[in-house]
Amino acid sequence: MRLKSALAGASLLISALVVVPGHAAYAAATRYEAESAAASCVGTIDANWSGFSGTGFCNANNAVGAHVQFTVNAASAGTATLGIRFANGGTTARQAHVLVDGVAVQSVSFEPTGSWSTWMTKTVTVSVSAGDHTVRLSPAASTGLSNIDYLDFGLGGGLPGSFQWSSSGILISPKSDATHNIRALKDPSVVYHNGRYHVFATTTNQSGAYSMVYLNFTNWSQANSASQRYLDRTAIGSGYKAAPQVFYFAPQQKWYLVFQTGSNAAYSTTSDISNPRSWTAPKPFYANGMPQIIRDNIGNGYWVDFWVICDNAKCHLFSSDDNGHLYRSETSLSNFPNGFGNTVIAMQDSARYPLWEAASVYRVSSSQYLLIVEAIGSGGKRYFRSWTAPAITGPWTALAATEAGPFAGAANVTFSGTPWTRDISHGEMIRNGIDQTLPISPCGMQYLYQGKDPNASDPYSMLPWRLGLLTQTNSTC
(Lines give C-alpha, C1' and ligand atoms only; values in the text may rest on other atoms or scores of the structure.)
Protein backbone atom coordinates (compact mmCIF):
# COMPACT_ATOMS: atom_id res chain seq x y z
CA MET A 1 0.00 0.00 0.00
CA ARG A 2 1.98 2.98 -1.27
CA LEU A 3 1.58 6.61 -0.30
CA LYS A 4 -0.80 8.75 -2.27
CA SER A 5 1.98 11.12 -3.32
CA ALA A 6 3.96 8.21 -4.69
CA LEU A 7 1.10 6.69 -6.59
CA ALA A 8 -0.41 9.38 -8.72
CA GLY A 9 1.63 8.46 -11.80
CA ALA A 10 2.57 4.88 -10.97
CA SER A 11 1.78 1.99 -13.32
CA LEU A 12 1.75 -1.78 -13.06
CA LEU A 13 5.00 -2.33 -14.89
CA ILE A 14 6.84 -2.50 -12.41
CA SER A 15 4.65 -27.75 18.71
CA ALA A 16 2.55 -25.20 19.69
CA LEU A 17 0.07 -22.62 20.85
CA VAL A 18 -2.38 -20.47 18.96
CA VAL A 19 -5.73 -18.94 19.88
CA VAL A 20 -8.72 -19.50 17.61
CA PRO A 21 -12.22 -18.04 17.63
CA GLY A 22 -14.90 -20.14 19.18
CA HIS A 23 -16.52 -21.04 15.86
CA ALA A 24 -13.42 -22.70 14.41
CA ALA A 25 -12.92 -26.44 14.28
CA TYR A 26 -9.98 -28.47 13.10
CA ALA A 27 -10.26 -30.82 10.16
CA ALA A 28 -11.28 -34.33 11.19
CA ALA A 29 -11.31 -33.31 14.87
CA THR A 30 -13.46 -35.08 17.44
CA ARG A 31 -15.06 -32.85 20.07
CA TYR A 32 -15.07 -33.88 23.73
CA GLU A 33 -17.35 -31.74 25.88
CA ALA A 34 -16.23 -31.07 29.47
CA GLU A 35 -19.61 -32.28 30.78
CA SER A 36 -19.53 -35.59 28.83
CA ALA A 37 -18.86 -39.12 30.05
CA ALA A 38 -15.45 -39.02 28.34
CA ALA A 39 -14.37 -36.17 30.62
CA SER A 40 -14.01 -35.51 34.33
CA CYS A 41 -14.05 -32.17 36.12
CA VAL A 42 -12.64 -31.61 39.61
CA GLY A 43 -15.02 -28.80 40.31
CA THR A 44 -18.51 -28.13 38.99
CA ILE A 45 -20.23 -28.27 35.62
CA ASP A 46 -21.78 -24.82 35.29
CA ALA A 47 -23.99 -23.07 32.74
CA ASN A 48 -24.16 -19.55 34.16
CA TRP A 49 -22.09 -17.86 31.44
CA SER A 50 -23.40 -17.68 27.86
CA GLY A 51 -21.65 -18.82 24.71
CA PHE A 52 -20.59 -22.31 25.80
CA SER A 53 -21.03 -25.44 23.69
CA GLY A 54 -23.12 -28.41 24.77
CA THR A 55 -24.90 -28.22 28.13
CA GLY A 56 -22.20 -26.66 30.30
CA PHE A 57 -18.52 -26.12 31.05
CA CYS A 58 -16.00 -27.16 33.70
CA ASN A 59 -15.45 -24.62 36.47
CA ALA A 60 -12.56 -26.34 38.21
CA ASN A 61 -11.78 -25.69 41.86
CA ASN A 62 -9.22 -22.97 42.54
CA ALA A 63 -6.56 -25.29 43.86
CA VAL A 64 -3.44 -27.07 42.67
CA GLY A 65 -4.51 -30.57 41.69
CA ALA A 66 -7.99 -29.56 40.58
CA HIS A 67 -8.23 -30.37 36.89
CA VAL A 68 -10.29 -31.28 33.88
CA GLN A 69 -9.43 -34.50 32.05
CA PHE A 70 -10.55 -35.94 28.71
CA THR A 71 -10.24 -39.49 27.35
CA VAL A 72 -9.54 -39.34 23.61
CA ASN A 73 -8.82 -41.83 20.85
CA ALA A 74 -6.17 -41.61 18.13
CA ALA A 75 -6.87 -43.78 15.07
CA SER A 76 -3.14 -43.86 14.30
CA ALA A 77 0.16 -42.61 15.63
CA GLY A 78 1.18 -39.07 14.72
CA THR A 79 0.96 -35.42 15.68
CA ALA A 80 -2.33 -34.51 17.33
CA THR A 81 -3.86 -31.05 17.50
CA LEU A 82 -5.65 -30.27 20.77
CA GLY A 83 -8.08 -27.35 20.59
CA ILE A 84 -8.95 -26.27 24.16
CA ARG A 85 -11.88 -23.85 24.35
CA PHE A 86 -11.71 -21.60 27.41
CA ALA A 87 -12.90 -18.37 28.97
CA ASN A 88 -10.97 -16.23 31.44
CA GLY A 89 -12.88 -13.21 32.73
CA GLY A 90 -10.10 -12.22 35.09
CA THR A 91 -7.35 -9.68 34.53
CA THR A 92 -4.35 -12.04 34.64
CA ALA A 93 -3.39 -15.16 32.73
CA ARG A 94 -3.92 -18.55 34.33
CA GLN A 95 -1.13 -21.05 33.80
CA ALA A 96 -1.79 -24.75 33.33
CA HIS A 97 0.12 -27.92 32.52
CA VAL A 98 -0.99 -30.22 29.73
CA LEU A 99 -0.49 -33.87 30.65
CA VAL A 100 -0.91 -36.72 28.18
CA ASP A 101 -1.26 -40.10 29.88
CA GLY A 102 -0.02 -38.51 33.09
CA VAL A 103 3.13 -37.00 31.58
CA ALA A 104 3.47 -33.21 31.41
CA VAL A 105 4.16 -32.24 27.79
CA GLN A 106 3.62 -28.46 27.79
CA SER A 107 2.75 -25.47 29.94
CA VAL A 108 -0.02 -23.25 28.64
CA SER A 109 -0.99 -19.67 29.46
CA PHE A 110 -4.73 -19.02 29.31
CA GLU A 111 -4.84 -15.26 28.86
CA PRO A 112 -7.77 -13.00 29.82
CA THR A 113 -10.52 -13.17 27.20
CA GLY A 114 -12.28 -10.01 28.33
CA SER A 115 -15.23 -11.66 30.07
CA TRP A 116 -16.38 -15.08 31.30
CA SER A 117 -18.78 -15.28 28.36
CA THR A 118 -16.06 -14.61 25.75
CA TRP A 119 -14.62 -17.94 24.61
CA MET A 120 -11.39 -18.60 22.76
CA THR A 121 -9.52 -21.76 21.82
CA LYS A 122 -5.92 -22.52 22.74
CA THR A 123 -4.25 -25.05 20.46
CA VAL A 124 -1.53 -27.49 21.51
CA THR A 125 0.18 -30.04 19.29
CA VAL A 126 1.47 -33.28 20.84
CA SER A 127 2.78 -36.62 19.61
CA VAL A 128 0.58 -39.65 20.31
CA SER A 129 0.54 -43.36 19.57
CA ALA A 130 -2.51 -45.15 18.24
CA GLY A 131 -5.21 -45.88 20.82
CA ASP A 132 -6.83 -44.25 23.84
CA HIS A 133 -5.14 -41.45 25.78
CA THR A 134 -5.95 -39.14 28.67
CA VAL A 135 -5.43 -35.39 28.25
CA ARG A 136 -5.44 -33.48 31.53
CA LEU A 137 -5.29 -29.74 32.19
CA SER A 138 -3.84 -29.10 35.62
CA PRO A 139 -3.44 -25.61 37.14
CA ALA A 140 0.06 -24.42 37.94
CA ALA A 141 -1.14 -22.30 40.86
CA SER A 142 -3.91 -22.15 43.44
CA THR A 143 -5.75 -19.58 41.30
CA GLY A 144 -6.92 -22.59 39.29
CA LEU A 145 -7.89 -23.07 35.66
CA SER A 146 -9.86 -20.89 33.34
CA ASN A 147 -13.33 -22.22 32.60
CA ILE A 148 -12.99 -25.08 30.10
CA ASP A 149 -15.76 -25.76 27.57
CA TYR A 150 -14.43 -28.60 25.42
CA LEU A 151 -11.43 -30.28 23.80
CA ASP A 152 -11.15 -30.79 20.04
CA PHE A 153 -8.80 -33.68 19.21
CA GLY A 154 -7.53 -34.33 15.67
CA LEU A 155 -4.51 -35.83 13.97
CA GLY A 156 -2.38 -33.78 11.60
CA GLY A 157 -1.17 -30.22 11.40
CA GLY A 158 1.67 -27.99 10.26
CA LEU A 159 2.46 -25.76 7.32
CA PRO A 160 3.01 -27.57 4.02
CA GLY A 161 6.12 -27.04 1.93
CA SER A 162 4.04 -25.52 -0.87
CA PHE A 163 0.55 -24.07 -1.12
CA GLN A 164 -2.53 -24.44 -3.29
CA TRP A 165 -5.55 -22.14 -3.07
CA SER A 166 -8.97 -21.64 -4.60
CA SER A 167 -10.37 -18.13 -4.88
CA SER A 168 -13.87 -16.84 -4.45
CA GLY A 169 -15.32 -14.37 -6.87
CA ILE A 170 -15.46 -10.73 -5.83
CA LEU A 171 -16.79 -10.76 -2.25
CA ILE A 172 -16.71 -7.08 -1.28
CA SER A 173 -17.03 -4.06 -3.58
CA PRO A 174 -17.04 -0.38 -2.59
CA LYS A 175 -20.28 1.37 -1.68
CA SER A 176 -20.54 5.07 -2.38
CA ASP A 177 -22.76 7.51 -0.51
CA ALA A 178 -23.61 11.19 -0.85
CA THR A 179 -20.14 12.30 0.26
CA HIS A 180 -17.99 9.32 -0.74
CA ASN A 181 -17.73 8.51 -4.44
CA ILE A 182 -15.64 5.38 -4.03
CA ARG A 183 -13.63 3.74 -6.78
CA ALA A 184 -11.61 1.07 -4.94
CA LEU A 185 -11.72 -1.04 -1.78
CA LYS A 186 -8.40 -2.56 -0.73
CA ASP A 187 -5.84 -3.43 1.99
CA PRO A 188 -8.23 -5.40 4.23
CA SER A 189 -7.65 -6.38 7.85
CA VAL A 190 -10.10 -8.81 9.46
CA VAL A 191 -10.88 -10.44 12.81
CA TYR A 192 -13.66 -12.81 13.84
CA HIS A 193 -15.19 -11.75 17.17
CA ASN A 194 -18.50 -12.45 18.90
CA GLY A 195 -19.89 -14.34 15.92
CA ARG A 196 -19.07 -11.71 13.30
CA TYR A 197 -16.29 -10.87 10.87
CA HIS A 198 -15.04 -7.31 11.33
CA VAL A 199 -13.32 -5.89 8.25
CA PHE A 200 -11.35 -2.66 7.97
CA ALA A 201 -10.06 -1.54 4.58
CA THR A 202 -8.65 1.33 2.54
CA THR A 203 -10.81 3.15 0.01
CA THR A 204 -9.89 5.51 -2.79
CA ASN A 205 -12.37 7.88 -4.39
CA GLN A 206 -12.76 9.00 -7.99
CA SER A 207 -10.08 11.63 -7.39
CA GLY A 208 -7.60 9.11 -5.97
CA ALA A 209 -7.96 10.35 -2.36
CA TYR A 210 -7.55 7.77 0.41
CA SER A 211 -9.71 6.97 3.43
CA MET A 212 -10.73 3.92 5.48
CA VAL A 213 -13.96 1.98 5.88
CA TYR A 214 -15.42 -0.55 8.35
CA LEU A 215 -18.04 -3.29 7.91
CA ASN A 216 -19.13 -6.44 9.75
CA PHE A 217 -21.17 -9.53 8.91
CA THR A 218 -21.80 -13.06 10.19
CA ASN A 219 -20.72 -15.03 7.11
CA TRP A 220 -19.02 -14.36 3.79
CA SER A 221 -22.25 -14.61 1.80
CA GLN A 222 -23.37 -11.41 3.57
CA ALA A 223 -20.13 -9.51 3.04
CA ASN A 224 -21.07 -7.52 -0.04
CA SER A 225 -24.44 -6.45 1.36
CA ALA A 226 -23.02 -5.24 4.69
CA SER A 227 -23.18 -1.52 5.46
CA GLN A 228 -19.87 0.28 5.01
CA ARG A 229 -19.04 2.93 7.60
CA TYR A 230 -16.51 5.59 6.64
CA LEU A 231 -13.94 6.23 9.37
CA ASP A 232 -13.25 9.80 8.26
CA ARG A 233 -16.55 10.60 9.98
CA THR A 234 -15.12 9.49 13.32
CA ALA A 235 -12.39 10.89 15.55
CA ILE A 236 -9.88 9.23 13.20
CA GLY A 237 -10.64 12.19 10.95
CA SER A 238 -10.23 13.09 7.31
CA GLY A 239 -7.06 13.22 5.30
CA TYR A 240 -4.73 10.46 4.18
CA LYS A 241 -5.31 7.29 6.24
CA ALA A 242 -4.65 3.85 4.75
CA ALA A 243 -3.56 0.21 5.15
CA PRO A 244 -5.30 -0.66 8.45
CA GLN A 245 -4.45 -3.52 10.80
CA VAL A 246 -6.77 -4.43 13.68
CA PHE A 247 -6.17 -6.55 16.80
CA TYR A 248 -7.17 -6.79 20.47
CA PHE A 249 -4.41 -5.88 22.91
CA ALA A 250 -5.35 -8.15 25.79
CA PRO A 251 -3.12 -6.58 28.49
CA GLN A 252 -5.07 -3.30 28.16
CA GLN A 253 -8.38 -4.86 27.04
CA LYS A 254 -8.44 -2.46 24.09
CA TRP A 255 -8.76 -2.81 20.33
CA TYR A 256 -6.01 -1.18 18.28
CA LEU A 257 -6.32 0.03 14.70
CA VAL A 258 -2.90 0.60 13.13
CA PHE A 259 -2.58 2.57 9.88
CA GLN A 260 -0.35 4.85 7.84
CA THR A 261 -0.82 8.60 7.64
CA GLY A 262 1.78 9.48 5.04
CA SER A 263 4.43 10.57 7.55
CA ASN A 264 4.22 8.07 10.43
CA ALA A 265 2.69 4.88 11.74
CA ALA A 266 -0.42 5.77 13.73
CA TYR A 267 -2.99 4.06 15.93
CA SER A 268 -6.45 4.58 17.35
CA THR A 269 -8.12 2.54 20.12
CA THR A 270 -11.59 1.49 21.25
CA SER A 271 -13.22 -0.89 23.70
CA ASP A 272 -16.00 -1.72 21.20
CA ILE A 273 -14.87 -2.87 17.76
CA SER A 274 -18.47 -2.92 16.51
CA ASN A 275 -18.93 0.84 17.07
CA PRO A 276 -16.93 2.73 14.44
CA ARG A 277 -17.61 6.07 16.12
CA SER A 278 -15.85 4.92 19.28
CA TRP A 279 -12.31 5.05 17.86
CA THR A 280 -10.01 7.62 19.43
CA ALA A 281 -8.13 10.31 17.53
CA PRO A 282 -4.91 9.00 15.94
CA LYS A 283 -1.59 9.06 17.75
CA PRO A 284 1.84 8.40 16.19
CA PHE A 285 3.96 5.40 17.12
CA TYR A 286 7.30 7.11 16.40
CA ALA A 287 7.75 10.26 18.46
CA ASN A 288 10.63 11.43 16.28
CA GLY A 289 9.22 10.35 12.94
CA MET A 290 10.99 8.04 10.53
CA PRO A 291 13.92 6.18 12.18
CA GLN A 292 17.35 7.09 10.84
CA ILE A 293 18.09 3.60 9.52
CA ILE A 294 15.05 3.88 7.26
CA ARG A 295 16.11 7.35 6.08
CA ASP A 296 19.50 5.91 5.20
CA ASN A 297 18.10 3.07 3.08
CA ILE A 298 14.77 4.17 1.65
CA GLY A 299 16.20 5.80 -1.47
CA ASN A 300 13.31 6.86 -3.69
CA GLY A 301 10.92 4.44 -1.97
CA TYR A 302 8.12 5.16 0.48
CA TRP A 303 7.57 4.19 4.13
CA VAL A 304 4.41 2.05 4.16
CA ASP A 305 2.37 -0.86 5.54
CA PHE A 306 2.84 -0.92 9.30
CA TRP A 307 2.26 -4.22 11.08
CA VAL A 308 2.30 -4.96 14.83
CA ILE A 309 2.73 -8.39 16.45
CA CYS A 310 3.69 -9.19 20.05
CA ASP A 311 5.20 -12.13 21.90
CA ASN A 312 5.29 -12.69 25.66
CA ALA A 313 7.82 -9.92 26.28
CA LYS A 314 7.88 -7.45 23.38
CA CYS A 315 5.79 -5.89 20.65
CA HIS A 316 7.33 -5.57 17.20
CA LEU A 317 6.41 -3.10 14.45
CA PHE A 318 7.25 -4.06 10.86
CA SER A 319 7.26 -1.68 7.89
CA SER A 320 8.43 -1.60 4.26
CA ASP A 321 10.08 1.03 2.09
CA ASP A 322 9.25 -0.05 -1.50
CA ASN A 323 13.01 -0.27 -1.96
CA GLY A 324 13.79 -3.86 -1.02
CA HIS A 325 13.89 -3.46 2.78
CA LEU A 326 11.69 -4.83 5.56
CA TYR A 327 12.20 -3.08 8.92
CA ARG A 328 11.37 -4.11 12.47
CA SER A 329 11.17 -1.91 15.59
CA GLU A 330 10.40 -3.07 19.12
CA THR A 331 9.15 -2.01 22.52
CA SER A 332 8.33 -3.89 25.70
CA LEU A 333 4.90 -5.43 26.09
CA SER A 334 4.35 -3.32 29.21
CA ASN A 335 5.31 -0.09 27.40
CA PHE A 336 3.18 -0.62 24.28
CA PRO A 337 2.21 1.47 22.32
CA ASN A 338 5.04 3.74 23.42
CA GLY A 339 8.78 3.42 23.14
CA PHE A 340 9.29 1.83 19.74
CA GLY A 341 12.99 1.84 18.85
CA ASN A 342 15.94 -0.41 18.07
CA THR A 343 14.85 -0.36 14.43
CA VAL A 344 16.71 -2.90 12.29
CA ILE A 345 16.55 -4.28 8.77
CA ALA A 346 14.74 -7.57 9.25
CA MET A 347 15.14 -8.63 5.60
CA GLN A 348 16.42 -7.07 2.39
CA ASP A 349 16.79 -7.75 -1.32
CA SER A 350 19.10 -6.06 -3.79
CA ALA A 351 16.09 -5.65 -6.10
CA ARG A 352 13.07 -3.74 -4.84
CA TYR A 353 10.21 -5.70 -6.41
CA PRO A 354 10.84 -9.14 -4.84
CA LEU A 355 10.48 -7.57 -1.36
CA TRP A 356 7.92 -4.89 -2.09
CA GLU A 357 5.35 -4.23 0.66
CA ALA A 358 2.26 -5.54 2.56
CA ALA A 359 4.36 -7.62 4.97
CA SER A 360 2.52 -9.49 7.72
CA VAL A 361 3.73 -11.85 10.44
CA TYR A 362 1.64 -14.50 12.23
CA ARG A 363 2.16 -16.95 15.04
CA VAL A 364 1.67 -20.54 13.84
CA SER A 365 2.90 -22.10 17.08
CA SER A 366 5.08 -21.29 20.06
CA SER A 367 8.13 -22.13 17.95
CA GLN A 368 7.07 -21.05 14.46
CA TYR A 369 6.15 -17.72 12.89
CA LEU A 370 5.07 -17.12 9.30
CA LEU A 371 6.09 -14.00 7.34
CA ILE A 372 4.49 -13.16 4.01
CA VAL A 373 5.54 -10.24 1.80
CA GLU A 374 3.99 -8.97 -1.41
CA ALA A 375 6.21 -8.98 -4.49
CA ILE A 376 5.79 -7.68 -8.03
CA GLY A 377 6.48 -10.32 -10.67
CA SER A 378 6.34 -10.73 -14.42
CA GLY A 379 3.96 -8.41 -16.23
CA GLY A 380 3.52 -6.39 -13.04
CA LYS A 381 1.44 -9.15 -11.36
CA ARG A 382 1.32 -9.10 -7.56
CA TYR A 383 2.00 -12.28 -5.56
CA PHE A 384 3.16 -13.28 -2.06
CA ARG A 385 6.40 -14.85 -0.90
CA SER A 386 6.74 -16.53 2.52
CA TRP A 387 9.29 -17.44 5.20
CA THR A 388 9.21 -19.10 8.63
CA ALA A 389 11.22 -18.49 11.79
CA PRO A 390 11.35 -19.77 15.37
CA ALA A 391 10.83 -16.22 16.71
CA ILE A 392 9.53 -12.87 15.52
CA THR A 393 13.12 -11.67 15.37
CA GLY A 394 14.08 -14.49 12.97
CA PRO A 395 16.16 -15.96 11.47
CA TRP A 396 13.83 -16.30 8.48
CA THR A 397 13.97 -19.37 6.22
CA ALA A 398 12.31 -19.34 2.80
CA LEU A 399 9.17 -21.49 2.63
CA ALA A 400 7.35 -20.68 -0.62
CA ALA A 401 9.23 -17.69 -1.94
CA THR A 402 9.37 -17.71 -5.76
CA GLU A 403 6.96 -16.52 -8.41
CA ALA A 404 6.76 -20.07 -9.79
CA GLY A 405 6.20 -21.49 -6.30
CA PRO A 406 4.69 -18.65 -4.26
CA PHE A 407 2.80 -18.52 -1.02
CA ALA A 408 -0.10 -17.21 -3.11
CA GLY A 409 -0.15 -15.97 -6.69
CA ALA A 410 -1.25 -16.71 -10.21
CA ALA A 411 0.84 -19.92 -10.19
CA ASN A 412 -1.10 -21.61 -7.36
CA VAL A 413 -4.54 -19.96 -7.17
CA THR A 414 -7.46 -21.43 -9.10
CA PHE A 415 -10.79 -19.81 -9.93
CA SER A 416 -14.19 -21.14 -10.90
CA GLY A 417 -14.54 -19.88 -14.45
CA THR A 418 -12.56 -16.97 -15.85
CA PRO A 419 -10.24 -15.44 -13.20
CA TRP A 420 -11.50 -12.02 -12.15
CA THR A 421 -7.96 -10.99 -11.15
CA ARG A 422 -4.37 -11.93 -11.99
CA ASP A 423 -3.09 -10.10 -8.90
CA ILE A 424 -3.05 -11.59 -5.41
CA SER A 425 -2.28 -8.45 -3.45
CA HIS A 426 -2.39 -6.79 -0.01
CA GLY A 427 -4.62 -8.58 2.48
CA GLU A 428 -4.68 -10.61 5.68
CA MET A 429 -4.93 -14.18 6.90
CA ILE A 430 -8.17 -15.13 8.62
CA ARG A 431 -6.71 -15.32 12.09
CA ASN A 432 -7.75 -17.90 14.65
CA GLY A 433 -7.74 -15.38 17.46
CA ILE A 434 -8.09 -11.69 18.09
CA ASP A 435 -5.15 -10.78 20.31
CA GLN A 436 -1.79 -9.15 19.75
CA THR A 437 0.02 -12.46 19.15
CA LEU A 438 -1.81 -12.77 15.79
CA PRO A 439 -2.33 -16.55 15.89
CA ILE A 440 -3.28 -18.59 12.83
CA SER A 441 -3.95 -22.28 12.39
CA PRO A 442 -2.11 -24.15 9.62
CA CYS A 443 -5.31 -26.14 9.03
CA GLY A 444 -7.48 -24.98 6.12
CA MET A 445 -6.07 -21.46 5.95
CA GLN A 446 -7.97 -18.56 4.39
CA TYR A 447 -6.67 -15.22 3.15
CA LEU A 448 -8.72 -12.09 2.41
CA TYR A 449 -7.00 -10.21 -0.42
CA GLN A 450 -7.33 -7.43 -2.96
CA GLY A 451 -7.55 -8.12 -6.69
CA LYS A 452 -8.57 -6.13 -9.76
CA ASP A 453 -9.79 -6.40 -13.32
CA PRO A 454 -6.80 -7.69 -15.37
CA ASN A 455 -7.62 -5.13 -18.08
CA ALA A 456 -7.43 -2.13 -15.76
CA SER A 457 -4.61 0.26 -16.67
CA ASP A 458 -5.35 3.26 -14.45
CA PRO A 459 -2.79 5.09 -12.30
CA TYR A 460 -2.24 3.13 -9.09
CA SER A 461 -4.50 5.23 -6.87
CA MET A 462 -7.32 4.85 -9.38
CA LEU A 463 -7.14 1.08 -9.92
CA PRO A 464 -10.49 -0.65 -9.22
CA TRP A 465 -9.45 -2.99 -6.39
CA ARG A 466 -12.01 -5.39 -4.91
CA LEU A 467 -11.79 -8.03 -2.17
CA GLY A 468 -11.82 -11.80 -2.58
CA LEU A 469 -11.13 -14.79 -0.33
CA LEU A 470 -8.53 -17.52 -0.83
CA THR A 471 -9.13 -20.95 0.73
CA GLN A 472 -6.25 -23.41 1.07
CA THR A 473 -6.86 -26.67 -0.81
CA ASN A 474 -3.78 -28.64 0.28
CA SER A 475 -4.10 -28.43 4.06
CA THR A 476 -2.10 -31.06 5.96
CA CYS A 477 -4.86 -31.44 8.54
Side-chain angles (χ1 to χ4, degrees), residues 15-21 24 26-27 79 81 122-125 156-165 188-192 245-247 305-312 314-320 326-328 346-347 349 354-375 382-402 405-409 412-413 424-449 469-477:
S15 66
L17 302 178
V18 294
V19 177
V20 300
Y26 293 95
T79 299
T81 301
K122 182 77 70 171
T123 301
V124 180
T125 56
L159 292 171
S162 62
F163 297 87
Q164 296 293 325
W165 309 86
S189 182
V190 55
V191 292
Y192 185 87
Q245 181 209 6
V246 66
F247 61 89
D305 294 342
F306 303 104
W307 184 265
V308 172
I309 180 172
C310 307
D311 54 29
N312 291 333
K314 294 182 179 181
C315 290
H316 307 261
L317 199 163
F318 288 82
S319 60
S320 299
L326 177 66
Y327 302 96
R328 180 181 54 79
M347 186 178 291
D349 196 292
L355 201 68
W356 187 237
E357 58 188 20
S360 54
V361 181
Y362 304 95
R363 181 181 180 178
V364 181
S365 74
S366 59
S367 59
Q368 187 179 51
Y369 288 85
L370 173 68
L371 162 68
I372 64 173
V373 179
E374 184 175 341
R382 305 296 184 103
Y383 70 97
F384 279 96
R385 305 172 67 201
S386 61
W387 296 260
T388 59
I392 297 173
T393 54
W396 297 101
T397 301
L399 175 61
T402 66
F407 177 76
N412 64 348
V413 174
I424 307 299
S425 183
H426 194 137
E428 185 173 1
M429 298 291 293
I430 306 303
R431 282 178 264 150
N432 289 343
I434 63 174
D435 74 12
Q436 71 281 352
T437 63
L438 307 189
I440 62 170
S441 167
C443 303
M445 294 187 294
Q446 291 186 306
Y447 187 81
L448 185 64
Y449 74 101
L469 183 69
L470 299 181
T471 298
Q472 185 189 12
T473 58
N474 70 328
S475 177
T476 61
C477 46

* Taking the six-membered ring where the residue is Trp, are the ring centres of Y447 and F384 under 6.0 Å apart? -> yes
* **Donor-acceptor contact below 3.5 Å, side chain R385 vs main chain P406** => no
* Counting only N and O atoms by type, is there a donor-acceptor contact under 3.5 Å from the side chain of Y383 to the main-chain atoms of E374? -> no
* Beyond-backbone contact of I440 with M445, side-chain heavy atoms, under 4.5 angstrom -> yes
* At what distance, to the nearest 0.5 angstrom, does CE of M429 lie from OG of S441? -> 9.0 Å
* With rounding to the nearest 0.5 Å, note down the distance linking CG in L470 to CZ in F163. => 12.0 Å
* State the CG-CG distance between N474 and N412, to the nearest 0.5 angstrom. => 8.5 Å
* Close side-chain approach of L448 and E428, heavy atoms under 4.5 Å -> no
* Looking only at heavy atoms, which two atoms of D435 and F247 are closest? And how far apart? -> O-CB, 4.1 Å
* Would you indicate whether the side-chain heavy atoms of V364 and T388 approach each other to under 4.5 Å? => no
* Indicate the ring-plane relationship of H316 and F318, choosing parallel, tilted or perpendicular according to the 30° and 60° boundaries. => tilted
* Structure fact -> Closest non-hydrogen atoms of A389 and P395, given as atom of the first, atom of the second and distance, are CB-O, 3.1 Å
* Test log, rule side chain to side chain contact (heavy atoms under 4.5 Å, CB included), inputs M347 and L371 -> CA-CA 11 Å; M347 186 178 291; L371 162 68; 3.6 Å; yes
* Any chance you could lay out the side chain to side chain donor-acceptor pair (under 3.5 Å) test for T471 and Q446, step after step, and finish with the verdict? => CA-CA 5 Å; T471 298; Q446 291 186 306; 3.0 Å; yes
* Asked: Is a side-chain donor or acceptor of W307 paired with a backbone partner of L317 at a separation under 3.5 angstrom?
  -> no
* Report yes or no: does D311 contribute a side-chain atom to a donor-acceptor pair with the main-chain N or O of T437 at less than 3.5 Å? => no
* Spell out, as yes or no, whether a donor-acceptor pair under 3.5 Å connects the side chain of W165 to the backbone of F407. => yes
* To do: Begin with the C-alpha distance, continue with both residues' side-chain angles, and end with the deciding distance and a verdict on side chain to side chain contact (heavy atoms under 4.5 Å, CB included) for R431 and Y362.
  => CA-CA 8 Å; R431 282 178 264 150; Y362 304 95; 4.1 Å; yes
* Should W387 and L370 count as side-chain neighbours, where that means a heavy-atom distance under 4.5 Å? -> no
* To do: State, without any angle test, whether Q164 and T473 hold a side-chain donor-acceptor pair at a distance under 3.5 Å.
  => no
* To do: Determine whether Q436 and I309 make a side-chain contact, defined as any pair of heavy atoms from C-beta on separated by less than 4.5 Å.
  => no
* Asked: Is the backbone N or O of A400 less than 3.5 Å from a side-chain atom of S386, with the two atoms forming a donor-acceptor pair by type?
  -> yes
* **Least distance between heavy atoms, C443 atom then S475 atom** => CA-OG, 3.5 Å
* Asked: Just by modelled atom types, is the S320 backbone N or O under 3.5 Å from a matching donor or acceptor in the D305 side chain?
  -> no
* Heavy-atom side-chain contact between P160 and Q472 under 4.5 Å -> yes
* Asked: Going by heavy atoms in the side chains, are V191 and I430 under 4.5 Å from each other?
  -> no
* Do L438 and V361 touch side chain to side chain, with heavy atoms closer than 4.5 Å? -> no
